Each structure stands twice: as structure tokens, then as C-alpha cells.
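Basis for what follows: all heavy atoms, side chains included, without hydrogens, waters or symmetry-related copies. Remember, predicted model here, so these are calculated numbers, not experimental data.
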Amino acid sequence: FFFLMIRRPPRSTQSRSSAASDVYKRQVNQDAFLAISNFLGTPDGTLFAVADGHGVNGHLVSSFVKANLPTHIETAARIRNDDSQGFRGALQAGFLTTEKELRSSGIDTAFSGTTTVAVVVRGTKAFVANVGDSRAIIARCNHHGSWSAAAMSRDHKADDPREMMRIHASGGRVESYKDYEGKPLGPARVWLKNENIPGLAMARSIGDRIAAQVGVIAEPEITEFDLTPDDQFIVIASDGVWEFLSNQEVLDLVIPFYQRGDADAACDCIVKQSHACWKKEDSVVDDITVIVVFLNVAGISIN
């Protein structure tokens, strides 16, 4: 388990965060996560990220992203304007530079890669850069005490119309596995036009050299949020959480722990609930990694 307390000066967003991975698993966990305070050399900057590796070398790819992405974002930010547009450009450059360096790293990425969802909190702004189907959500509670969950990122599933259009234009095809009777099995996947490879179940990733030939890209989708006193916490997780739990269900799991200020227990609860869902619904259990960030937007006191 990981626990980080971050204290910030006024006119910023204070946060308490915790992260956990599934401790029940016996095989190699291909997920990676990171939380870096004082990001970009400022006390009001924090980077959180989850990377969900897949394929034989998925754990190597997610570890490569963990080790290199923060530096590439910081390097790109130093040569750009210190405004929203400049930082969005730095996030994009950071992801694409990490992808470029991965190609010459010696890691075989023909059929291996990783998702990555990164959340950067800078003062009262949050930036989200996402590749793949890991996800970030934000929990809000208004002055009436009504809670709601909103997605901060979009899942890049292979059959998403915007993603599928690019894959088709690049000479790929999108369809599910077929059983011996030709009936579809499981989620939509990306294939070469005339070969049944690679069968990737997402439209964006870092790595996946074969899938990249037919339009799977490492370019992140970037969103920007102005944090308000209604914003209470952020959850960032691999699809080991989101496969069976909705945004609302994760919100409901975290609220009691948020109210008593225990981010560590919130993470543990999500991991245990996700693991139970996998055991009930499937014959295997996917890697499960989650970060919970309790926010304290300036002007409001939260225990």
C-alpha cells in the first residue's frame, strides 16, 4: 500500500491520496502507479497516474512509463508557456516522447503495451491525459448534500465510433473474437485487415507495435477541469476496477471513508470489492490498481 500526505499553501487544492493493488493475485501484476508531489517544481503541483500493462511484456512497458513519463512531461513543460494551452501541449509531448523512447528501449512491444491515465492537479485546475481504458472519475457533493460522479476521461474502446473510424482508415478492422460457429465472443478488438492479430481490446495504447500499424495510437486525449468546493475526491483506476463496477458504485464505496478521512481504507475497499466481482463473474481475476485522492479546494475545510 501507498500513502501520501500533501500540504499546500493557500489558493491551491490540498489533497490526501492513497493507492493499492490487488494483493490476492499470484501472477505478475502488470499494473503500475505513481504519485509525485511538488510536480513541475511547484508546491501546488501533483501528478497521479495508473498504467495497466498487457501482453507478455506488459509489466515492462507499464514500468517504463512509470519511470519516464513524469520526466518527459516536466521537460516539455519547461519550454512551453505556463498556461493551460502550454501545459496541455506538454502532456501530449510527454506521452509521445515516452512512446518514442519505448521503441528503442529494447523491450519487445510487438504484442505488448499499456494504458495510461494521468491526472495533474495544479492549484485549482486538474488536467487529465488518457490513453486506453483505465479511467479517472471525480466525486462531487453540492450544498444540498447530493453526491454525483463524473468521468474525467473517456475509455478508448475499440468499437468507439471516433476510434473505430481512425482504425478503419488505417487499414485495420474491429470485431470480436468468433467461436467455431462464427458467433462473437467478448469485447470488440483491433485486428490487421487480413490477419487475426493482434486482437487488442482498445484503440489507444503506449507500445503495441503491431496494432500501431492499423491506427492504434499513443496520443493522449486531454481534458481540463476547474476544481470547485463541490469537488471532494478523485478515483483513478485500471479496468480491473471498471470492468464490473460503475462510476456510481465506486463513488458509493468511497463516501464513508471520505467522511472519516481514510483514503487508505477506501482503496482497500475498492480492491476487495473488485476482486469479489471478478471471482463471481469470471474464471480469471484481472490486475486491480486504484488511487484515491481526497481534495481540499481552497476556501473549504475538509477533515
Side-chain angles (χ1 to χ4, degrees), residues 28-34 49-69 72-73 91-119 128-136 153-177 186-192 195-223 236-243 286-287 289:
V28 174
N29 189 331
Q30 294 188 302
D31 290 356
F33 69 87
L34 57 88
V50 167
D52 179 1
H54 51 260
V56 174
N57 294 319
H59 60 297
L60 299 178
V61 180
S62 61
S63 295
F64 185 91
V65 169
K66 176 178 180 176
N68 293 278
L69 179 62
H72 292 319
I73 294 173
L91 285 170
Q92 182 180 57
F95 271 70
L96 295 179
T97 302
T98 301
E99 162 73 12
K100 182 179 179 181
E101 287 199 351
L102 177 64
R103 294 178 201 158
S104 58
S105 68
I107 300 172
D108 183 357
T109 61
F111 298 101
S112 298
T114 188
T115 72
T116 302
V117 57
V119 178
V128 182
N130 182 51
V131 166
D133 59 2
S134 294
R135 187 187 310 163
S153 60
R154 181 174 68 92
D155 296 356
H156 297 133
K157 299 297 187 182
D159 57 353
D160 179 279
R162 287 175 283 182
E163 304 296 318
M164 190 161 56
M165 184 180 301
R166 183 186 65 253
I167 291 164
H168 286 161
S170 301
R173 58 188 169 93
V174 176
E175 57 186 39
S176 300
Y177 277 126
R189 298 176 181 273
V190 178
W191 312 89
L192 301 186
E195 294 183 73
N196 288 328
I197 57 172
L200 186 65
M202 64 194 71
R204 302 193 192 198
S205 73
I206 296 175
D208 290 298
R209 179 167 49 82
I210 300 300
Q213 297 174 11
V214 289
V216 173
I217 59 176
E219 180 177 348
E221 186 170 22
I222 299 170
T223 50
I236 310 158
S238 62
D239 74 337
V241 170
W242 309 115
E243 181 71 21
D286 196 7
D287 295 327
T289 297

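- By the side-chain hydrogen bond (donor to acceptor under 3.5 Å, both in side chains) test, His59 is found to be paired with no residue, residues two or more places apart in sequence or in another chain being considered.
- Of all heavy-atom pairs between Ala211 and Leu200, the closest is CB-CD2, 3.9 Å.
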Distance-only donor-acceptor pairs under 3.5 Å for side chains of residues 50-57, two or more places apart:
unit_1, atom_1, unit_2, atom_2, d
His54, NE2, Asp208, OD1, 3.3
His54, NE2, Asp208, OD2, 2.6
Asn57, ND2, Asp108, O, 3.0

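- Taking 4.5 Å as the limit, every side-chain heavy atom of Val174 sits out of range of all side-chain heavy atoms of Trp191.
- Judged as a side-chain hydrogen bond (donor to acceptor under 3.5 Å, both in side chains), and not counting sequence neighbours, the contacts of Gln92 are Glu219.
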Next item on the list: Under the side-chain contact (heavy atoms from CB on, under 4.5 Å) rule, what do Thr116 and Asn130 come out as? Steps first, then yes or no, please.
Entry: CA-CA 6 Å; Thr116 302; Asn130 182 51; over 6 Å; no
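- Here Arg189 pairs with nothing under the side-chain hydrogen bond (donor to acceptor under 3.5 Å, both in side chains) rule; sequence neighbours left out.
- Across all non-hydrogen atoms, the minimal contact from Phe95 to Ala218 is CB-O, 4.1 Å.
- Looking at Ser238 and Asp31, their side chains do bring a donor and an acceptor atom within 3.5 Å of each other.
- Legend: residues meeting side-chain contact (heavy atoms from CB on, under 4.5 Å) with Ser63, ordered by chain and number and at least two apart, are absent.
- You'll find the side chain of Asp239 stays beyond 4.5 Å of the side chain of Arg135, heavy atoms only.
- Among pairs with a residue in residues 195-204, those fulfilling side chain to side chain donor-acceptor pair (under 3.5 Å) read Glu163-Arg204, Arg173-Asn196, at least two apart in sequence or across chains.
- With sequence neighbours left out, Asp159 forms a salt bridge (Lys or Arg N to Asp or Glu O under 4.0 Å) with no residue at all.
- With sequence neighbours excluded, the residues forming a side-chain contact (heavy atoms from CB on, under 4.5 Å) with Ser105 are Phe64, Leu102, Ile107, listed by chain and number.
- Partners of Ala136 under the side-chain contact (heavy atoms from CB on, under 4.5 Å) rule, at least two apart in sequence or in another chain, are Val117, Val119, Met152, Ser153, Ile236.
- Residues passing the side-chain hydrogen bond (donor to acceptor under 3.5 Å, both in side chains) test with Lys157, sequence neighbours excluded: Asp133.
- Side chains of Thr115 and Ser134: a donor-acceptor N/O pair is present below 3.5 angstrom, by distance only.
- Glu99 pairs by the salt bridge (Lys or Arg N to Asp or Glu O under 4.0 Å) definition with Arg103, not counting sequence neighbours.
- Applying the side-chain contact (heavy atoms from CB on, under 4.5 Å) test to Ala212 and every residue at least two apart in sequence or in another chain returns nothing.
- The CD1 atom of Ile210 sits 11.0 Å away from the OG atom of Ser112 when rounded to the nearest 0.5 Å.
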